[in-house]
Amino acid sequence: MANEDVAAFRARFREWVAGALPETWRDLTRGTPEEVLLPARRAWGERLHAGGWAGAGWPPAYGGLGLTVEHQVALVEEQVRAGAPEPLNSNGVEIFGPVLIRYGSEAQKLRYLPPMLAHRELWCQGFSEPQAGSDLAGLRTRAIPDGDGWLVRGQKVWTTYAHCADHCYLLVRTDPDAPRHAGISMMILDMDQPGVSVRPLRNIAGSSEFNEVFLDDARIEAGQLVGDLGQGWELAAYALSVERGLSFAERALKVAREFERLLDMVDGLASEDPGRGAERFAERLVDAFVRTRTLHALVVEIIDRSARGEPLGSLPSVAKLHWSESHQELLRLGLDVLGQRVGDPEHQDWVRAFLFSRGETIYGGTSEIQRNVIAKGLGLPSGRAA
Ligand SMILES: Cc1cc2nc3c(=O)[nH]c(=O)nc-3n(C[C@H](O)[C@H](O)[C@H](O)COP(=O)(O)OP(=O)(O)OC[C@H]3O[C@@H](n4cnc5c(N)ncnc54)[C@H](O)[C@@H]3O)c2cc1C
């Protein structure tokens with residue numbers, strides 16, 4: 001597969017997607033009700049795996065395909081083109097999977113990677129705490145040695161999909177006396193045990209994707225420490241860097257599809273009320289198109305540089321900032337185009353997608369933090385002491 005001509009590989013995957021992706025799973029957005037979205041995302045992840053298309057960048061020893069970056073990009077582009085949903089376990093497969101591949105023990109890789117890829121076991125990320133978000137190194141959740149393993153006490157928050165996850169890759173403080181960054185470790189927490197309570201939080205779009213997670217002497221076994229004790233900060237930084245990889249590219253490239261949908265919406269509304277046509281919104285539509293094209297160019301540059309092993313500098317922060325702010329603006333433009341039709345039932349997924357997008361300038365590093373990173377890269381002072 002890795003030796004196959006990229007164009008032929010792309011054509012083969014396109015044909016497979018055409019047969020494997022039901023119409024009802026196409027073009028779902030973050031505004032699609034979760035009782036529809038989550039099962040479709042899980043089933044798409046399972047189907048990709050069953051079809052032999054999952055784990056594109058993973059080594060074959062752990063169920064992956066070991067493909068080149070060009071082949072991986074073809075997979076992403078074809079899924080975006082077909083309007084396929086993001087696989088539900090992308091937090092595991094795209095973020096923690098690469099961490100485990102780089103830092104995990106052989107036993108951990110064999111135990112956790114295959115069921116992760118198959119979507120048999122779902123994962124969540126336990127980093128943020130009530131007092132530690134942007135300032136992640138301030139985290140207080142403690143792992144206290146107990147026999148061969150640890151007991152974990154503390155609280156996590158905003159933990160996406162904790163309510164359906166089997167495992168969590170968790171940052172904990174293992175040495176309260178060490179300097180902040182040095183006292184942190186990464187561990188695997190089994191979610192289904194007495195010391196773990198998950199309380200869903202309702203977001204502004206009305207769904208309950210993220211949660212509070214209370215840890216009250218939850219048990220972690222010796223074999224569930226990832227990397228070395230005190231190495232957690234390095235692993236977390238690696239996790240955050242891969243978070244900007246191909247799964248981000250998929251999200252960013254999807255904006256172009258939403259732009260097409262916006263144009264359709266403008267056409268549809270203009271046929272009912274000529275006053276709401278493209279003329280009225282032309283300037284903002286042109287701006288949105290330019291932003292969409294710039295985003296595409298940024299993503300291509302990141303992929304290209306990564307493939308050549310060139311340093312990315314602050315480019316991932318530029319792309320995250322540009323994606324999240326452009327996406328919010330595109331969805332807001334849709335609301336303005338809808339005008340009084342904003343309450344119509346057929347437009348509610350657009351409205352919910354707009355509401356959900358408010359979080360996009362927060363998760364994965366807020367816009368202010370991205371600007372700080374870019375400022376640092378330019379040798380400028382940042383907004384606040386980091
Ligand atoms: C939809 C969504 C899903 C999420 N999923 C997860 C998840 O699965 N797992 C997980 O661990 N976390 C998750 N998070 C949490 C996310 O990572 C944090 O919300 C984020 O890091 C910001 O932290 P905070 O909320 O504590 O805000 P704070 O860090 O308290 O920031 C508050 C405000 O101050 C600003 N600020 C803070 N520090 C600086 C600075 N140095 N310079 C300038 N401005 C600054 C921020 O930009 C922000 O505007 C999710 C968040 C959202 C919205």
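Counting starts at 1 for both ligands and their atoms, following the listed order.
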Going by an N to O cut-off under 4.0 Å, is there a salt bridge joining R341 and E272?
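Looking at R341 and E272, the cut-off is met.
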
Which pairs count as side chain to side chain donor-acceptor pair (under 3.5 Å) when at least one residue sits in residues 45-67, sequence neighbours excluded?
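For residues 45-67: Y62-E106.
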
Around atom CD of Q340, are there more than 12 heavy atoms from other residues, nucleotides or ligands closer than 6.0 Å?
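Result for CD/Q340: open.
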
Quick check: are there more than 12 heavy atoms from other residues, nucleotides or ligands sitting under 6.0 Å from CD of E4?
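Yes, enclosed.
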
Which ligand 1 atoms does [X] reach within 4.0 Å, using its non-hydrogen atoms?
X	result
T366	22 (C), 46 (C), 47 (O)
I369	38 (N), 39 (C), 40 (C), 41 (N)
F210	1 (C), 2 (C), 3 (C)

With sequence neighbours excluded, what pairs up with E77 under the salt bridge (charged side-chain N to carboxylate O under 4.0 Å, His left out) test?
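Residues passing salt bridge (charged side-chain N to carboxylate O under 4.0 Å, His left out) with E77: R10.
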
If the test is ring-ring contact (aromatic ring centres under 6.0 Å, His included), which one of F96, W123, Y169 qualifies with Y112?
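Checked F96, W123, Y169 against Y112; only one passes ring-ring contact (aromatic ring centres under 6.0 Å, His included): W123.
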
Nitrogen or oxygen atoms of [X] and ligand 1 under 3.5 Å apart:
X	result
D135	no
F127	yes
E129	no

Over all heavy atoms of both residues, which pair between V76 and L253 is shortest? Give the atoms and the distance, please.
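Where V76 meets L253 most closely, the heavy atoms are CG1-CD1, 4.4 Å.
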
The one among [options] that brings a heavy atom closest to [atom]:
atom	options	result
atom 5 (N) of ligand 1	T160, L170, I362, N372	T160
atom 17 (O) of ligand 1	S357, S128, A162	S128
atom 48 (C) of ligand 1	Q125, Q370, E368	E368

Would you kindly specify which portion of N203 sits under 4.0 Å from ligand 1, judged on non-hydrogen atoms: side chain, backbone, both or neither?
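Neither part.
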
For ligand 1, indicate whether the residue Y161 contacts it via side chain, backbone, both or neither (heavy-atom separation under 4.0 Å).
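The answer is neither.
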
Check K156, R173, R140 against E129 for a salt bridge (Lys or Arg N to Asp or Glu O under 4.0 Å) and give me the one that passes.
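Testing each of K156, R173, R140 against E129, the sole residue satisfying salt bridge (Lys or Arg N to Asp or Glu O under 4.0 Å) is K156.
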
